[in-house]
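Just below is one structure, and these are the notes that go with it.
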Amino acid sequence: MTSEAPWPVLESDLEFFQREFDSFVPARIFDAHNHLYRTADFTAAVPSLAASGPPVVDWPLYLAKMREIMPGRRFAALSFPYPAAGLDTAGANEFLAGQCRRHPATLGQMVVTPGMDPEFIRETVRRHRFVGLKCYHLFSPRTPTWDSAVEEYMPEQLVRVAHEEGLSITLHMVRSRALSDPVNQESIRRLAERYPNARWILAHAARGFNVHHTIGGIASLRGLPNVWFDTSAVTEAGAFEAIVREFGISRILFGADFPVTHLRGRCVAIGDSFLWLTPENLRLDAAYGNIRPVLVLLESLRAHKQAAWNLKLSDGEIEKMFWDNAADLYGYQERTGAIE
Ligand SMILES: [Zn+2]
């Protein structure tokens with residue numbers, strides 16, 4: 001083992017990266033989906049992944065943990081709190097703001113809940129120079145929250161603020177069929193068209209953990225100029241391919257989803273749902289042939305590499321996915337241009 005808890009990385013993970021990805025992953029990485037947080041801001045239960053890590057997950061920790069796996073790479077990122085039920089959003093946003101102030105290589109997105117006053121959001125974003133908003137279904141009033149329509153956790157009056165202030169919105173869609181769900185399709189198209197200056201980042205390849213939901217639904221967004229997709233924690237290639245086929249190479253943004261990066265296993269489509277295969281729900285004994293799961297980040301990189309192969313992407317196009325697309329979205333060069 002090369003590093004101890006939290007979130008250990010094995011010698012075999014490093015060997016896997018060297019063999020499979022060292023010649024694939026570009027020198028510069030703009031990570032469009034990153035979580036920075038303190039466990040003290042979870043006033044209800046601490047999510048299990050956060051509970052398995054340190055109390056403070058800050059930018060230096062992120063850099064150290066990412067560089068351990070991907071040596072020699074330089075990073076910038078879009079970071080936001082770790083959304084969870086019972087989150088002290090004020091505390092979480094303050095912590096994030098402090099990180100962004102001290103470390104110009106990360107931009108920040110404010111975590112928002114559907115009941116927030118739009119003018120409070122506007123004032124907070126301006127004061128902290130946040131570039132966007134992070135909504136999440138766990139703040140929806142509906143039970144169960146994963147059946148929520150977009151407007152139940154990202155109400156229209158919040159989208160209007162994003163439009164007026166030129167903000168991005170990272171949206172982790174829910175409802176079982178994600179982008180193949182007509183309710184989600186209608187919401188995103190309507191809000192994107194009515195508020196053209198708000199820029200949607202559909203997280204997890206439009207929540208393509210079941211890649212067929214993104215493949216089946218991508219055409220519903222055809223022609224929208226203000227929709228992007230992050231690749232975070234998606235470990236199969238089909239959704240990435242569907243996005244690039246529909247929108248070209250400029251709308252897909254590499255995202256790692258630290259610290260989800262440091263879980264082990266992968267997510268697979270099964271029927272109309274998806275299943276995370278992890279050491280906890282796999283039989284790793286010899287009966288099934290010596291299965292040794294690697295880090296989710298490595299599985300995700302494998303999906304990127306497979307998509308790049310299938311789409312015949314050039315080195316320049318791969319660099320767009322890993323850096324230029326996000327940098328262009330935020331005018332990053334003019335804003336800070338910082339890289340660490
Ligand atoms: Zn995430």
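Every number for a ligand or one of its atoms is a count from 1 in the order of the listing. These numbers were taken from a predicted model, which means no experiment stands behind them.
Between H163 and the choices N197, N226, I169, the side chain to side chain contact (heavy atoms under 4.5 Å, CB included) rule is met once, by N197.
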Legend entry - Full working for ring-ring contact (aromatic ring centres under 6.0 Å, His included) between F95 and Y37: CA-CA 7 Å; F95 174 73; Y37 60 92; 8.0 Å; no

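Taking the six-membered ring where the residue is Trp, the centroids of F322 and F254 are separated by under 6.0 Å.
Contacts of D13 classified as side-chain hydrogen bond (donor to acceptor under 3.5 Å, both in side chains), with partners at least two apart in sequence or in another chain: R264. Every side-chain hydrogen bond (donor to acceptor under 3.5 Å, both in side chains) that S140 has, sequence neighbours left out, goes to S148. Not a single side-chain hydrogen bond (donor to acceptor under 3.5 Å, both in side chains) links R199 to another residue, sequence neighbours left out.
For the Zn ion (ligand 1), the set of protein N/O/S atoms nearer than 2.8 Å consists of H33 NE2, H35 NE2, D257 OD1, ordered by chain and number.
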